[in-house]
Amino acid sequence: MAVLVVAAHDGKTVRSNVANAVTAASQMGPEVHVLVAGSNAGEAAKSAAAIQGVAKVLGAEDAAYANWVAEDVAPLVVKLAPNYSHVVMAADSVGKNLAPRVAALLDVAQVSEAIKVEAPDTFVRPIYAGNAMATVQTADKIKIVTIRPTNFKAAATGGPAPIEQIGGTGAGGLASYVGAELSKSERPELTSAKIVVSGGRGLASGENFKMLEALADKLGAGLGASRAAVDAGYVPNDYQVGQTGKVVAPDLYIAIGISGAIQHLAGMKDSKTIVAINKDEEAPIFQVADYGIVGDLFQIVPELTAAVEKK
Amino acid sequence: MKVLVAVKRVIDYNVKIRVKTDNTGVETANVKMSMNPFDEIAVEEAIRMKEKGLATEIIAFSAGPAQCQETIRTALAMGADRGVLVQTDAELQPLAVAKLMKAVVDKEQPGLVIVGKQAIDDDSNQTGQMLAALLGWSQGTFANKLNVADGSAEVKREVDGGLENIKIKLPAVITTDLRLNEPRYASLPNIMKAKKKPIEVLAPDALGVDIAPRLKVLKVEEPPKRKAGVKVKTVAELVDKLKNEAGVI
């Protein structure tokens with residue numbers, strides 16, 4: 001049986017993590033289909049069809065799907081699910097909202113944030129903020145799995161796969177989208193950036209994050225933050241890296257003024273190279289850092305910004 | 001309007017957990033247990049609704065062993081009115097908890113259910129959404145702000161790109177994110193008062209719910225450890241290492 005990947009998108013292209021989900025899905029079954037539900041999402045469907053390993057794209061057009069209202073998208077996925085062995089989504093805010101609703105409607109369990117596919121019915125997932133790894137096996141006929149994108153390589157470009165149009169299921173009237181307040185940024189998206197510069201409580205104010213922006217811009221990096229910095233109101237919530245925020249695994253992660261609480265480490269410790277800049281030499285962040293500098297970040301960061309070459 | 005909140009007993013967030021040597025799970029014997037931090041936010045939100053006159057009664061629900069009564073007592077000390085415990089020593093997974101909650105919701109008929117977005121032990125992030133699905137209710141997940149008025153709720157949600165506003169019909173299930181509020185500490189007089197508040201204890205069988213786990217845990221292991229690296233003295237040395245040793249810039 002084939003595996004269905006449910007793709008989040010912005011109307012024009014599917015999110016980059018769909019390519020990671022396709023890789024995970026291809027380890028679960030012989031054939032991968034991608035569902036692109038939306039309103040005027042034809043371009044997004046085409047982008048899904050261009051992912052290598054995708055055998056077919058299902059395009060579902062319905063005004064009710066325009067903004068990923070889980071109450072309206074779930075019935076569509078539930079309708080399609082019996083044709084598949086697995087339904088796979090990236091564990092982002094769309095997948096986390098939708099997948100459990102689908103699972104409960106199908107009366108099956110969900111495997112959350114799988115980081116490894118051991119067998120089509122067996123998955124490894126982090127628990128306790130990544131301080132333990134559980135290997136779980138599901139006996140359900142339809143397996144609902146969200147995957148952690150950073151643990152699966154993105155599938156290459158290929159195709160194009162055929163796009164089949166299917167009907168929508170309409171709006172249930174339970175919930176409606178009002179609007180969004182999205183952070184505007186020219187920088188790379190945090191979860192797919194090759195380099196991430198992150199700041200913590202040590203920055204002492206939102207104003208001081210400008211210093212990190214200068215470094216991030218020079219490196220072509222995404223900008224992140226610890227929970228402490230977000231809670232203190234220095235930066236918006238979508239900057240948060242950690243167990244309950246975003247999980248990142250860039251080639252280079254620079255932690256500045258971040259002590260390294262367990263829940264923060266859970267969101268970045270799979271990074272290839274970690275740099276820590278902190279005035280406290282006992283800070284736990286140094287236990288995971290490849291390179292550490294103990295000192296005043298207000299001195300070190302501008303010096304580092306001046307020393308690196310512009311990308 | 002009645003508000004039902006769910007509170008889970010978990011290993012305290014300050015405790016460094018240890019994986020059992022036989023790889024069957026995580027050591028919980030003689031470990032400090034507390035209310036899941038996201039559930040504290042749920043309890044706090046319900047209390048604020050009651051203080052504003054939006055909620056008439058707050059019911060604190062928990063499921064698990066007898067000691068979950070302590071977790072419910074904490075919610076009662078914060079300001080919840082009474083508790084319901086579905087008592088069992090069996091392993092409970094999110095779908096089973098959602099089914100138990102549905103049975104209690106059917107009985108109590110709350111206008112709103114507020115739960116934490118995830119528990120810090122299994123990190124599943126499922127129960128609230130599953131409960132909403134089983135009830136056929138709307139869901140306001142990862143709530144950053146909640147406004148309830150006239151049979152509907154406006155929910156500001158924490159999403160990948162920032163914040164999203166939705167309007168949902170009541171009754172509904174809300175799951176809390178970190179910035180929704182800052183939970184209060186229970187005062188000593190309120191802790192004393194909470195001892196007299198009622199807790200109803202039910203059995204899963206009595207609710208007609210099959211709680212058998214659907215996921216089999218084959219093993220639990222320590223994650224691979226990252227080795228601490230080196231401390232460098234100067235920025236020049238750091239840049240040199242990143243360029244020539246790690247090759248990342």
Side-chain angles (χ1 to χ4, degrees), chain A residues 70-71 74 92-93 96-97 100-101 103-105 108-112 122 126-140 174-183 219 231 236-238 243-244 251-252 269 272-273 275 286-294 300 303-304 307-308, chain B residues 11 16-17 19 26 93-95 98 117-118 120-126 129-130 132-134 137-139 141-142 144 154 158-169 177-179 214-223 226 228-232 235-236 238-239 241-242 246 248-249:
Chain A
E71 290 84 337
D92 58 16
S93 61
K96 287 175 179 176
N97 188 38
R101 192 166 179 106
L105 291 173
V108 300
Q110 177 186 316
V111 177
S112 290
T122 307
I127 54 174
Y128 290 92
N131 286 300
M133 296 292 156
T135 304
V136 297
Q137 187 178 38
T138 164
D140 285 316
L174 282 176
S176 57
Y177 172 85
V178 179
E181 303 156 36
L182 301 181
S183 304
L219 290 167
D231 283 355
N237 61 283
D238 53 297
Q243 172 194 17
T244 64
D251 291 340
L252 173 61
K269 66 180 160 60
K272 203 169 133 208
T273 300
V275 171
F286 287 119
Q287 290 164 20
V288 299
D290 299 284
Y291 306 110
I293 297 193
V294 179
I300 295 167
E303 210 182 311
L304 181 60
V308 294
Chain B
I11 294 181
K16 187 160 172 30
I17 62 117
V19 172
V26 164
Q93 293 181 348
L95 184 61
K117 78 164 179 181
Q118 76 192 69
I120 61 166
D121 50 6
D122 63 10
D123 285 328
S124 287
N125 194 335
Q126 299 175 5
Q129 296 89 314
M130 287 181 157
L134 296 176
W137 289 8
S138 56
Q139 62 189 47
T141 54
F142 326 144
N144 174 286
E154 287 169 4
E158 297 200 359
V159 296
D160 294 327
L163 295 164
E164 178 187 279
N165 298 304
I166 57 167
K167 192 169 179 181
I168 56 177
K169 241 191 194 160
D177 217 316
L178 293 168
R179 265 67 61 172
R214 301 293 187 87
L215 297 179
K216 193 168 150 195
V217 179
L218 301 181
K219 60 181 172 189
V220 174
E221 295 167 300
E222 296 261 2
R226 233 194 133 93
V230 295
K231 292 220 172 83
V232 296
V235 168
L238 174 66
V239 172
K241 293 232 186 241
L242 290 177
V248 287
I249 59 170

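Since the structure is predicted, the reported quantities are computational estimates derived from the model, not experimental observations.
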Chain A contact via B:P94 - side chain, backbone, both or neither, heavy atoms under 4.5 Å: neither
A:E71 (side chain) donor-acceptor with B:Q139 (main chain) under 3.5 angstrom: yes
Side chain to side chain donor-acceptor pair (under 3.5 Å) between B:E222 and A:N131, worked out: CA-CA 7 Å; B:E222 296 261 2; A:N131 286 300; over 6 Å; no
Cation-aromatic face contact B:K231/A:F286, 6.0 Å, 45 degrees: yes
Greatest number of heavy atom pairs closer than 4.5 Å to chain A - which of B:D121, B:V230, B:I166, B:V220: B:D121
Any donor-acceptor pair under 3.5 Å from A:D238 side chain to B:V159 backbone: no
Sidechain-backbone polar pair: B:Q126 side chain, A:Q110 backbone, donor-acceptor under 3.5 Å: yes
B:K219 vs A:M133, side chain to side chain contact (heavy atoms under 4.5 Å, CB included): CA-CA, chis, key distance, verdict: CA-CA 8 Å; B:K219 60 181 172 189; A:M133 296 292 156; over 6 Å; no
Part of B:A246 within contact of chain A (heavy atom distance under 4.5 Å): both
Gap separating the CG atom of A:L174 from the NZ atom of B:K167, nearest 0.5 angstrom: 14.0 Å
Per-residue contact mode, A:A132 against chain B (heavy atom under 4.5 angstrom): both
Under 3.5 Å donor-acceptor, B:R226 side chain and A:K269 backbone: yes
Atom group of B:L215 that falls short of 4.5 Å from chain A, counting heavy atoms: both
Donor-acceptor contact present, side-chain A:S93 to main-chain B:D160, <3.5 Å: yes
Any donor-acceptor N/O pair, B:Q129 side chain to A:K96 backbone, under 3.5 Å: yes
A:D140, part contacting chain B, at a heavy-atom distance under 4.5 Å: side chain
Any donor-acceptor N/O pair, B:D123 side chain to A:A129 backbone, under 3.5 Å: yes
